[in-house]
Amino acid sequence: MKNKTLQRSGWFSCLILAFATRAMAQTDPHFTQNYTYPMYINPALAGSSDGEYRVSAIYRTQWGSISNPYRTIGASFDTRTNKNIALGASLLNQSAGDGGFNYLTAYATVAYTGVKFGKDNNHHIVLAMQGGIINRRVDESKFKWGEQWNPVTGYNASNPTTESFARTSSTTLDVGAGALYYDGGADKKINAFGGFSVYHINRPKDPIISTQSEELNTIPMRYTIHGGVSFNMSDRFSIIPHVMYMRQGTASEAMLGTYLQYNVNPETDIMIGAYYRHKDALAPFIGFDYRNFIVGLSYDANTSNLGSMAKHVNSFELSISYVKRNGSQSIFDFIRCSRL
């Protein structure tokens, strides 16, 4: 009988390859607590904190049944200036562990925040551009192919295989852009916000899988539409429902989230809510904002057919942010930007 660890590792490697070879499927990772890593869903969210600057980090782990599971780590910095310009930088690394796959990105973002209209100029539009690099690597030694399995003796790494990669590493330039609208009117019971972004505008090449097909070695563009409404029930209590739709190639993702935010005292807010990812997962969330530090915890409970096929496919996510608040107003002062 085959060793269970080898079975799982081999199955996971095949799964990674299946994702990689579907050129028109989604290749970018995702988070549940999207707004904690804001420029990943929209570059126009640079400078959207209620402070002088913000430093954020997020950690996601999934596929816990694998001895070295899927991990995604992101870090970002963004700040706003007094000249209608916001700046940001972000770094992300995703590793498949036993799957032998690594995805690294680094971006810089510039946003223009000077478009205002309506009574008292309370309606705002932010326009942003983002540029950086994508590096993808595979470790061939960690891949286990069907030709290396024997129904009698099990897996043998020395068995020859006809499978191969054109390259094991690729670094390419990448460009994205986004736009954001928000109603920043003070003392309103309802404030709306929404945006649109597109990534991989320059159709960056990724020749790891194939150097022959233009379609196979091009990373498909990723489109994101997101928005929500802050219902300000009182000076201390808000309800913020929000939605997001993401599409890359033939893959799509639709998410609906709602969370409640309650101001306990001048130094502390607590947040509780949940996110539903259509045909994929239900994710409860809890967080707190204390003395400029914001911490969030979420857990994706898988609701798809995958949950019945494999154990421990749920995901855990931890985020932490530091916001340097100085008492001045910011883009989301009256919206209480979503943290899911």
Student: Quick one, Phe288 and Val264 - any side-chain contact, counting heavy atoms below 4.5 Å?
Tutor: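 Phe288 does not reach Val264 side chain to side chain.
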Student: Any link between Leu260 and Tyr262 through a network of hydrophobic side chains (Ile, Leu, Val, Met, Phe, Trp, Tyr) touching at under 4.5 Å?
Tutor: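 Yes.
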Student: With distance as the sole criterion, is a donor-acceptor pair present between the side chains of Ser76 and Ser90 under 3.5 Å?
Tutor: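 Their side chains do not contain a donor-acceptor pair, so the 3.5 Å distance test is not met.
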Student: State the CE-OG distance between Met271 and Ser238, to the nearest 0.5 angstrom.
Tutor: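 These two atoms lie 11.5 Å from each other.
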Student: Kindly work out whether a path of hydrophobic side-chain contacts (I/L/V/M/F/W/Y, heavy atoms less than 4.5 Å apart) joins Met255 to Leu180.
Tutor: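 Met255 and Leu180: one cluster.
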Student: Please lay out, stage by stage, how Tyr182 and Val126 fare under the test side-chain contact (heavy atoms from CB on, under 4.5 Å).
Tutor: CA-CA 9 Å; Tyr182 69 95; Val126 182; 4.1 Å; yes
Student: Are Arg54 and Ser48 close enough that a side-chain donor and a side-chain acceptor fall under 3.5 Å?
Tutor: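 There is such a pair between these side chains.
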Student: Search all heavy atoms of Leu297 against all heavy atoms of Gln33 and return the closest pair with its distance.
Tutor: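 Looking at all heavy atoms of both residues, the shortest contact is C-NE2, 3.8 Å.
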Student: Roughly how far, to the nearest 0.5 Å, is OG of Ser170 from CD1 of Ile133?
Tutor: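 OG of Ser170 is found 10.5 Å from CD1 of Ile133.
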Student: Which ILVMFWY residues can you reach from Met221 by hopping between side chains whose heavy atoms are under 4.5 Å apart?
Tutor: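 Members besides Met221, by chain and number: Phe196, Val198, Ile201, Tyr223, Ile225.
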Student: Please round to the nearest 0.5 Å and tell me the distance separating atom OH of Tyr40 and atom OG1 of Thr109.
Tutor: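 It is 13.0 Å, given to the nearest 0.5 Å.
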Student: For Phe285 versus Gly287, what's the shortest heavy-atom pair and its separation?
Tutor: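 Closest approach of Phe285 to Gly287, heavy atoms only: CE2-N, 4.0 Å.
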Student: Taking ILVMFWY side chains as joined if any heavy atoms are under 4.5 angstrom apart, and letting links pass through other members, which residues group with Leu104?
Tutor: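 Besides Leu104, the cluster holds Leu91.
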Student: Rounded to the nearest 0.5 Å, what separation is found between the CG atom of Asn122 and the NZ atom of Lys188?
Tutor: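 That separation rounds to 7.0 Å.
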Student: For Tyr112 versus Asn84, what's the shortest heavy-atom pair and its separation?
Tutor: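 Distance-wise, the nearest heavy atoms are CD1-O, 3.3 Å.
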Student: Quick one: closest heavy-atom pair of Asp289 and Arg325, and the distance?
Tutor: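 In this case the closest contact between Asp289 and Arg325 is OD2-NH2, 2.7 Å.
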Student: Hey, could you give me the CD1/OG distance between Ile240 and Ser230, rounded to the nearest 0.5 Å?
Tutor: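 Result: 4.5 Å between the selected atoms.
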Student: Mind checking whether Tyr37 and Tyr59 sit in one hydrophobic cluster, side chains of I, L, V, M, F, W, Y counted as touching below 4.5 Å?
Tutor: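 In one cluster with Tyr37: Tyr59, no.
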Student: Between Ile286 and Tyr259, is any pair of side-chain heavy atoms under 4.5 Å apart?
Tutor: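 Counting from C-beta outward, Ile286 and Tyr259 never come under 4.5 Å.
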Student: Regarding Tyr35 and His242, is there a side-chain donor-to-acceptor distance under 3.5 Å anywhere?
Tutor: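 Note: Tyr35 and His242 side chains miss the donor-acceptor criterion.
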Student: Hey, could you give me the CD/NE2 distance between Glu253 and His278, rounded to the nearest 0.5 Å?
Tutor: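 Between atom CD of Glu253 and atom NE2 of His278 there are 11.5 Å.
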Student: Could you verify whether a donor N or O on one side chain and an acceptor N or O on the other, from Tyr103 and Asp28, lie under 3.5 Å apart?
Tutor: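 Indeed, the side chains of Tyr103 and Asp28 share at least one donor-acceptor pair under 3.5 Å.
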Student: Would you confirm whether Arg80, through its side chain, and Gly51, through its main-chain N or O, come within 3.5 Å as a donor-acceptor pair?
Tutor: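 Between the backbone of Gly51 and the side chain of Arg80 there is a qualifying donor-acceptor contact (under 3.5 Å).
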Student: Side chains of Thr218 and Lys205: any donor to acceptor distance under 3.5 Å?
Tutor: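 Judged by distance alone, the side chains do pair up.
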Student: Would you confirm whether Asn191, through its side chain, and Asp183, through its main-chain N or O, come within 3.5 Å as a donor-acceptor pair?
Tutor: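 Confirmed, Asn191 side chain pairs with Asp183 backbone.
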Student: Examine distances only and state if a side-chain atom of Asn102 and a backbone atom of Asn93 form a donor-acceptor pair shorter than 3.5 Å.
Tutor: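 No; zero donor-acceptor contacts below 3.5 Å.
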Student: Ring centroid separation for Tyr299 and Phe316, is it under 6.0 angstrom?
Tutor: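 They do not qualify: ring centres at least 6.0 Å apart.
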Student: Dump the intermediate steps for side-chain contact (heavy atoms from CB on, under 4.5 Å) on Thr113 and His124, then the final yes or no.
Tutor: CA-CA 7 Å; Thr113 62; His124 301 248; over 6 Å; no
Student: Side chains of Asp235 and Asn263: is there a donor and an acceptor less than 3.5 Å apart?
Tutor: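 No pair is found: no donor N or O on one side chain lies under 3.5 Å from an acceptor on the other.
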